[in-house]
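Here is the structure we will look at.
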Amino acid sequence: MSLEVNPVELSVVIPLYNEEPNIDRLFERLESVLERLNTTYEIVCVNDGSNDDTFTCLIRHHDRNPAIKAINLSRNFGKEIAITAAIDYATGATVVPIDADLQDPPELIEQMLAKWREGYDVVYATRRSRRGESWLKRLTADVFYRTIGKMTPVPIPRNTGDFRLLDRRVVEALKQMPERTRFMKGLFTWVGFKQTSVLFDREPRFKGNTTFNYWKLWNFALDGITSFSFLPLKVWSYIGLIISLISLLYASFLIIRTLMYGNPVPGYASLMVAVLFLGGIQLLTLGIIGEYLGRVYEEVKKRPLYFVREFYGFGKNSEIDKEFYKNLK
Ligand code: UDP
Ligand code: MG
């Protein structure tokens with residue numbers, strides 16, 4: 001499906017998962033900013049299988065302001081895929097993904113647009129501070145960025161979320177990436193183009209709780225690393241080589257010692273240590289191969305990234321709805 005027309009200049013895209021208490025305040029702030037900007041805009045909201053009334057709330061806002069469009073996914077697919085869906089259906093000359101919990105200040109869009117008009121293709125918002133986040137989250141985030149920074153040549157900007165402005169060129173490039181493991185921060189950088197940043201202070205969440213617990217974050221980090229680095233796979237050949245060399249030296253030492261002094265005590269302790277150590281390393285290696293293999297399996301299945309249940313605001317006659325209703329018959 002091609003969306004070559006650019007009827008609006010700015011598409012704000014929002015993934016929402018159980019964000020009902022934030023929606024009214026979100027649109028209030030967002031719309032006041034957008035009205036001030038003196039530009040044409042649309043707000044593409046993706047309801048990512050919420051259990052609360054997020055979607056009915058979105059429809060209510062769509063009825064009030066037709067620039068607000070809503071897409072209802074068939075279930076919860078996760079934030080990265082929800083953003084992907086929103087980007088697929090956004091038509092603007094620029095696209096700005098933003099969190100629904102008001103942690104990303106909509107007021108920043110004005111500065112982003114100004115940079116875009118100067119000729120930048122990607123303007124990402126970098127957090128000057130992370131208010132409302134625990135020291136543990138800040139520490140783990142710091143360790144993550146350091147680690148991934150050392151492991152991949154793709155520079156993943158620190159303290160940067162998905163809040164950024166993307167030119168249509170970049171959006172079209174992103175749409176060509178078919179992968180299922182969508183580590184957006186990395187993909188956004190990987191595509192290249194002319195990038196710059198603006199600074200902002202990240203606010204605490206307006207209402208509700210984050211759904212990203214440490215287990216999810218850990219898996220998110222693994223996704224990031226495995227999508228952008230082969231280092232964990234490659235490193236084992238070198239470690240194996242080093243261990244073999246050491247074993248060879250040790251074996252020569254044992255042979256010489258036995259030849260010179262005979263075999264005084266059987267080396268039970270060293271044997272156990274060597275066996276357990278090597279066993280541990282082998283399991284670890286297998287586990288890492290498994291992490292990659294599992295992801296390869298996900299990719300080769302080539303399932304669609306998401307399914308849409310309903311569209312609101314794209315117009316019965318729009319390309320999207322025509323195709324959608326055709327498929328229903
Ligand atoms: N989100 C989503 N699907 C999910 C989890 C989160 O669409 O499965 C959305 C959520 O509604 C919000 C954004 O992603 O708009 C960021 O989520 P959250 O605030 O929980 O994450 P954090 O700010 O802690 O990274
Ligand atoms: Mg948040």
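In listed order, ligands and their atoms are each counted from 1. Any value given below was found using the heavy atoms of this structure, including those in side chains, with hydrogens, waters and symmetry copies removed.
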Per-residue contact class, Glu19 against ligand 1 - non-hydrogen pairs under 4.0 Å: side chain
Salt bridge (Lys or Arg N to Asp or Glu O under 4.0 Å): pairs with one or both residues in residues 44-55, sequence neighbours excluded: none
Backbone of Asn18 reached by a side-chain donor or acceptor of Ser50 within 3.5 Å: yes
Side-chain atoms of residues 271-295: list all donor-acceptor pairs with protein atoms under 3.5 Å, sequence neighbours left out, distances to 0.1 Å.
from	atom 1	to	atom 2	distance (Å)
Thr285	OG1	Ile281	O	2.5
Glu291	OE1	Arg295	NH1	2.8
Tyr292	OH	Ser229	O	2.5
Arg295	NE	Asp223	OD1	2.9
Arg295	NE	Thr226	OG1	3.1
Arg295	NH1	Glu291	O	3.1
Arg295	NH2	Asp223	OD1	2.8

Check: Asn76 N/O within less than 3.5 Å of ligand 1 N/O: yes
Donor + acceptor pair across side chains of Thr91, Glu42 (<3.5 Å): yes
Min N/O separation Pro15 to ligand 1 under 3.5 Å: yes
Phe55 and Tyr312 aromatic ring geometry - parallel, tilted or perpendicular at 30°/60° bounds: perpendicular
Numbered atoms and elements of ligand 1 in range of Leu16, under 4.0 angstrom, heavy atoms: 7 (O), 11 (O)
Under 3.5 Å donor-acceptor, Asn72 side chain and Arg309 backbone: no
Cation-aromatic face contact Lys216/Phe220, 6.0 Å, 45 degrees: no
Element-labelled atoms of ligand 1 that are located less than 4.0 Å from some non-hydrogen atom of Gln103: 19 (O), 22 (P), 23 (O)
Residue and atom, protein N/O/S, under 2.8 Å of the Mg ion (ligand 2): Asp101 OD2, Gln103 OE1
Option of least heavy-atom distance to atom 4 (C) of ligand 1 (set: Asp48, Ile98, Thr54): Asp48
Residue pair Thr94, Arg168: steps toward the side-chain contact (heavy atoms from CB on, under 4.5 Å) verdict: CA-CA 5 Å; Thr94 62; Arg168 174 63 31 197; over 6 Å; no
ring-ring contact (aromatic ring centres under 6.0 Å, His included) partners for Tyr306, two or more places apart: none
